[in-house]
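Just below is one structure, and these are the notes that go with it.
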Amino acid sequence: MGINLGNQSPADLPMKVRLPEPEASGRSRIEELITKRRSVRRYKDKKLSESVISRLLWAAQGISSENGLRTSPSAGALYPLEIHLVTGGGGELEPGVYRYVPEDHTLVREILGDMRERLSKAALSQPMIRNAPVSIVISAVYARITSRYGNRGLRYTHMEAGHAAQNIYLLGVELGIGTCAIGAFEDEEVKDVLKLPANQDPLYILPLGYM
Ligand SMILES: Cc1cc2nc3c(=O)[nH]c(=O)nc-3n(C[C@H](O)[C@H](O)[C@H](O)COP(=O)(O)O)c2cc1C
C-alpha cells in the first residue's frame, strides 16, 4: 500500500532544494559589501570629511536620475522621508543639526550646537550616538504618501526607511565607516532635540564613524 495523499498529488508535497553554494571567490563587489555589513557600535576618534558625509547622504536619499528619482525606491516616487545630519563638528561643518535637501544636494543648518549628548539621552542613552562624530536621522512625513495610499502608506514609509538605511550601511562598508540602525528611542524627545515639525516623525538614528 502507498501513502494516502488525500487530494494532494506528489507534486504538491514540500521538497527541499539544495541551492548552489554562494561562492567565496568570484563574488561581485556588492555581494562582498553585503557579506561584510554588520552593525558597528564603536568608532575611531576620527571625523568624517564633508565629502564623505555628502556621499552617505546621497546614498540615503540623493538624486540618481535626470528625472529626479532617488537612490532608494519609494512607493509612487512620493518620497515621504526627511534626512537630518547631527554633527559634533570638528570637520568642515560646525556642530549642529542640518537638513538634507536632495533636490540641490545641500544641507540647511537648522540648529547650531552639538546635540549628540541630548540625542543619545533621547535614545535610552545609547552611547554610540554620543560617541559617533555624526548621526543621520531618518524621519517620516506620512501625509506625503497617505494622501495617495491611505493607511498603507504608513508601511510603505517604513519600508523606504529600511532601503535608505541599508544604502548607508553598504556605502559605509565601502568607506570603512560603521553604523548601527537605532530604532529604540523616545519619539517626542527626538523630535524635541531636532526641533522637527509636528508632522515629522523620527524612524531611525544611524550613528556613523570609522571602524
Ligand atoms: C528596526 C531595527 C531597530 C534596531 N534598533 C537598534 C537599537 O536601538 N540599538 C542597537 O544597538 N541596535 C539596533 N538595531 C540593530 C540590530 O541589533 C542588529 O541589526 C542585529 O543585532 C543584527 O546584527 P547585524 O546588523 O550586525 O547583522 C536595530 C535593527 C533594526 C533592523
Side-chain angles (χ1 to χ4, degrees), residues 19 21-24 27-46 48 52 55-57 59-61 70-75 79-88 97 100 114-142 144-146 151-194 196 200-211:
L19 294 168
E21 287 298 319
E23 290 300 323
R27 285 216 218 171
S28 69
R29 184 77 188 132
I30 189 70
E31 286 163 299
E32 254 179 62
L33 298 177
I34 292 169
T35 306
K36 288 186 181 153
R37 184 213 61 79
R38 291 271 75 84
S39 292
V40 177
R41 297 178 177 83
R42 282 171 195 269
Y43 316 107
K44 284 189 185 146
D45 185 19
K46 179 180 171 189
L48 274 61
V52 161
R55 292 171 73 180
L56 291 162
L57 291 168
Q61 272 300 282
R70 301 186 186 178
T71 48
S72 298
S74 178
Y79 301 116
L81 302 181
E82 287 287 333
I83 306 286
H84 286 85
L85 179 81
V86 178
T87 171
V97 178
Y100 177 57
D114 188 354
M115 293 292 136
R116 292 176 300 164
E117 182 71 46
R118 285 190 60 201
L119 189 61
S120 167
K121 278 202 183 120
L124 319 179
S125 293
Q126 297 192 64
M128 49 279 204
I129 300 174
R130 182 187 320 120
N131 297 337
V134 304
S135 284
I136 289 177
V137 181
I138 302 177
S139 306
V141 182
Y142 292 111
R144 284 183 199 156
I145 194 160
T146 52
N151 274 348
R152 209 164 178 82
L154 303 177
R155 73 162 74 181
Y156 291 165
T157 305
H158 301 157
M159 291 165 176
E160 189 172 330
H163 297 307
Q166 184 78 351
N167 282 358
I168 295 170
Y169 261 104
L170 293 180
L171 179 61
V173 180
E174 177 73 24
L175 300 175
I177 290 168
T179 190
C180 176
I182 292 183
F185 51 76
E186 299 290 345
D187 294 354
E188 287 309 314
E189 282 182 38
V190 171
K191 282 180 83 155
D192 188 48
V193 173
L194 303 183
L196 297 182
Q200 238 175 76
D201 292 292
L203 296 177
Y204 251 159
I205 303 173
L206 295 130
L208 289 149
Y210 282 95
M211 298 186 267

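Atoms within a ligand are numbered from 1 in the order they appear, just like the ligands themselves. Values below: all heavy atoms of this structure, side chains included; hydrogens, waters and symmetry mates excluded.
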**Prompt:** When you measure from the side chain of S120 to the backbone N and O of R116, does any donor-acceptor pair fall under 3.5 Å?
**Reply:** no
**Message:** Could you tell me if the side chain of Q61 sits less than 4.5 Å from the side chain of Y79, heavy atoms only?
**Reply:** yes
**Prompt:** What is the closest protein heavy atom to atom 31 (C) of ligand 1, and at what distance does it sit?
**Reply:** Y204 OH, 3.4 Å
**Prompt:** Any side-chain heavy atom of Y210 sitting closer than 4.5 Å to one from L48?
**Reply:** yes
**Prompt:** Would you call L208 and V52 a side-chain contact if the rule is heavy atoms closer than 4.5 Å?
**Reply:** no
**Request:** Please identify which atoms of ligand 1 are closer than 4.0 Å to at least one heavy atom of R38.
**Result:** 24 (P), 26 (O), 27 (O)
**Prompt:** By number and element, which atoms of ligand 1 are closer than 4.0 Å to a non-hydrogen atom of R37?
**Reply:** 24 (P), 25 (O), 27 (O)
**Prompt:** Is ligand 1 less than 4.0 angstrom away from at least one heavy atom of F185?
**Reply:** no
**Request:** Run the numbers for me: atoms of ligand 1, each under 4.0 Å from some heavy atom of A184, listed by number.
**Result:** 8 (O)
**Prompt:** Distance-only, no hydrogens or angles: does the K191 side chain make a donor-acceptor pair with backbone N or O of P202 under 3.5 Å?
**Reply:** no
**Prompt:** Do Q126 and ligand 1 have an N or O pair less than 3.5 Å apart?
**Reply:** yes
**Complete:** re atom 19 (O) of ligand 1, the protein heavy-atom contact at minimum distance is S39 OG, 3.4 Å
**A181 N/O to ligand 1 N/O under 3.5 Å** = yes
**Request:** Answer yes or no for atom 22 (C) of ligand 1: protein heavy atom present at a distance under 4.0 Å?
**Result:** no
**Prompt:** Side chain of T146, backbone of N151: donor and acceptor closer than 3.5 Å?
**Reply:** no
**Fill in**
atom 3 (C) of ligand 1 has as its nearest protein heavy atom G183 N, 3.7 Å
**Asked** How far apart are the C-alpha atoms of Y142 and H158, what are their side-chain angles, what is the distance that settles it, and do they pass the ring-ring contact (aromatic ring centres under 6.0 Å, His included) test?
**Response** CA-CA 10 Å; Y142 292 111; H158 301 157; 5.6 Å; yes
**Protein contact of atom 17 (O) of ligand 1 - nearest heavy atom, named by residue and atom, plus distance** = R41 NH2, 3.1 Å
**For I145 against G153, the heavy-atom pair lying closest together** = CG2-O, 3.5 Å
**Request:** Taking the side chain as every heavy atom from C-beta outward, state whether E160 and P80 have any pair of such atoms under 4.5 Å apart.
**Result:** yes
**Within-cut-off N or O pair, I182 and ligand 1, under 3.5 Å** = no
**Asked** Judging by distance only, is a nitrogen or oxygen of C180 under 3.5 angstrom from one on ligand 1?
**Response** no
